[in-house]
Amino acid sequence: MKNILSSLPLLAICLLIGCTPPQPEESPKGPPNILFIFTDDHALQAISAYGSYRNQTPNIDRIAQEGMLFRHAMVTNSICAPSRAVILTGMHSHLNGVLDNRLPFDSTQVTFPKLLQGAGYQTAMIGKWHLKTQPTGFDFWKVLPGQGHYYNPDFRTPTGQERIEGYVTDIVTDVSLDWLKNGRDPNKPFLLMSQHKAPHREWSPGAAHLTTYRDTEFKEPETLFDDYSNRASPASNQEMTIATHMDLAYDNKIRSLADTSEKTWRNMAPYRLYNRMTTEQQGAWDAAYGPENEEFLEAELTGEELVRWKYQRYMNDYLSCIASVDDNIGRILDYLDESGLAENTLVVYSSDQGFYLGEHGWFDKRWMYEESLHMPLVVRWPGVVEPGSENEDLVQNLDFAETFLDAAGVAIPDQMQGQSLVPLLKGEKPENWRESIYYHYHEFPGAHSVAKHIGVRNGRYKLIWYYETDEWEFFDLETDPQEMNSVYGKAEFADIQGVLTTELERLRVEAKDDLAPGVGKAAS
Ligand code: SGN
Ligand code: CA
């Protein structure tokens, strides 16, 4: 069935699988172009429009100021490849098959780019793909193999692999701009997915921002030295602390500390990064990192002082990567303005999940806790979205596919499990808008050792179940927004905890998730 679907025209697909009838935008401008700018691991805490206390992102903020900022956009499974598969298919991980980063995407599935292409859109996918199988549904694609490289990256194309000199964030934008200017059919609306590697680990800044934050002292998050008391055991048992799991040679770029006596992937990684660079790139890198690295080695820090130093270096690197992303978003927005495309282009900025910037002492993601559950989402759509508006409703990456189809006036397949954001973008809230979201994280055992869990979050409370060890957490986000104190089982929360337990089971059944055992049964 799936193989047949990929080769059928849109109308036939609709007849086969069932679709919600299209409701075209009544716009004299015709279907909007869609520019989807997407990054990897960009936390809300590192966007000034979301109130960052660490950095400024003027170009992302520009999208927010001219459009809508979503305060509660959340993922269904906080990890890279799964989030991307959810976005493409509009279905949860257990139905689209990409439960974790290790599984390949079945590219014969129905995706929103395929449906848009079938409806006459020109489609392009440029940059980080991370779904193992070849992109389908695109007139043009040029993607990074796997995680990709920051410096002088290789790209996969339908005709083979090529290496392009430069910094990956600039190159993804160069290729995107080139496709906009020269590659597409200007008589058709377009979908351009311009997807960055940055700011993914190992957070390597480009030449333009190697010294941007060199003299900045970053404020520390309040929970940098969290001891994980009053939570279930997975919070203590993870492997993502700045203190223990952040590697000085690899993550913090003190190359001389790499233990190359054993030639493991990790031990050799700092050299692999450096050896990809041109002599000029190496010179700029050494000038930026060398003196500070020397000072660090002389200081021989330990304990909390060492954690503090690693946090500062981590923020320097991560935020420098974001500075390049922001510059490049500015380049694309400028081109839309200059070319006159801006007026009929829906621009989205988002990232595959959130990230920890030292909150709870961590880096990485995966948890249903707030920082990794949330994803940035700002949307500009001239004539539809009121500039400078904000939305507080619970929305998910599950909604993106339906949103794009709805905006384009293309039928939405019944199998998709989200809700179109178009009404919210118009400032309306449908009566049936969700009041809670469903979450399921699957990759365990795996990198960073985060236990499998499912959970439900509504506007105020969050219930999490680590079902393999049958441990629960319950948070009141109003009184405990940093989730430092689970009140699971406390008498004063018994009623509301019961409500969320029932809701979790309702959502699990609604999502058709048979991979997590019955919640009602375990709770009783
Ligand atoms: C790599 C990273 C992890 C990261 C995963 C997933 N390790 O394995 O830190 O969690 O990617 O990231 S590294 O040694 O390769 O840097 S994801 O964004 O692709 O999900
Ligand atoms: Ca990611």
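Just follow the structure's listing: the first ligand is 1, and inside any ligand the first atom is 1. Keep in mind that this is a model prediction, so the values were computed, not measured. Numbers here are sequence positions counted from 1.
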Does a donor on one side chain sit under 3.5 Å from an acceptor on the other, for Q238 and D364?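 No pair is found: no donor N or O on one side chain lies under 3.5 Å from an acceptor on the other.
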
Would you tell me which option among W203, W265, F355 has the nearest heavy-atom contact to atom 15 (O) of ligand 1?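 It is W265 that holds the nearest heavy atom.
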
Atoms of ligand 1 close to [X] [distance to a heavy atom under 4.0 angstrom, numbered from 1]:
X	answer
K365	4 (C), 6 (C), 10 (O), 12 (O), 17 (S), 18 (O), 20 (O)
D41	18 (O)
Y250	13 (S), 14 (O), 15 (O), 16 (O)
R366	4 (C), 5 (C), 6 (C), 10 (O)
D40	18 (O)
N101	6 (C), 12 (O), 17 (S), 19 (O), 20 (O)
H448	3 (C), 4 (C), 9 (O), 10 (O)
R266	13 (S), 14 (O)

E468 bridged to K452 by N-O distance under 4.0 Å: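 A salt bridge is present here (some side-chain N lies under 4.0 Å from a carboxylate O).
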
To the nearest 0.1 Å, how far is [atom] from its closest protein heavy atom, and which atom is that?
atom	result
atom 17 (S) of ligand 1	C80 CB, 3.1 Å
atom 19 (O) of ligand 1	Q147 NE2, 2.8 Å
atom 10 (O) of ligand 1	D364 OD1, 2.6 Å
atom 8 (O) of ligand 1	A447 CB, 4.5 Å

With a 6.0 Å cut-off on ring centres, are Y318 and F363 close enough?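 Not close enough - the centres of the two rings lie 6.0 Å or further apart.
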
For the ring pair Y213 and F218, is the centre-to-centre distance below 6.0 Å?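 Ring centres of F218 and Y213 closer than 6.0 Å.
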
Does any N or O atom in [X] lie less than 3.5 angstrom from one in ligand 1, N or O only?
X	result
R201	yes
I79	no
E202	no

Any protein heavy-atom neighbour for atom 12 (O) of ligand 1 (distance below 4.0 angstrom)?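 It does; a protein heavy atom is within 4.0 Å.
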
Could you check whether the rings of [X] and [Y] sit parallel, tilted or perpendicular, using 30° and 60° as the cut-offs?
X	Y	result
H453	W367	tilted
Y369	H360	tilted
H94	H92	parallel
W203	Y314	tilted
F190	W179	perpendicular

Below 4.5 Å, heavy atoms only, C-beta onward: do D178 and K142 meet side chain to side chain?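 Of all side-chain heavy-atom pairs linking K142 with D178, none is under 4.5 Å.
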
W129 side chain reached by M193 side chain, heavy atoms, under 4.5 Å: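 No, their side chains stay 4.5 Å or more apart.
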
Do R214 and Y289 meet the cation-pi criteria used here (NZ or CZ under 6.0 Å from the six-membered ring centre, within 45° of the axis)?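 Yes, R214 and Y289 form such a contact.
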
Cationic tip of R255 within the cone over Y274's six-membered ring, i.e. under 6.0 Å and within 45° of the normal?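 Yes.
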
Around the Ca ion (ligand 2), how many protein N, O or S atoms are found at less than 3.0 Å?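 For the Ca ion (ligand 2), the figure is 5.
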
Could you list the residues that satisfy salt bridge (Lys or Arg N to Asp or Glu O under 4.0 Å) with K197, not counting sequence neighbours?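 Once residues adjacent in sequence are excluded, K197 has no partner under the salt bridge (Lys or Arg N to Asp or Glu O under 4.0 Å) criterion.
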
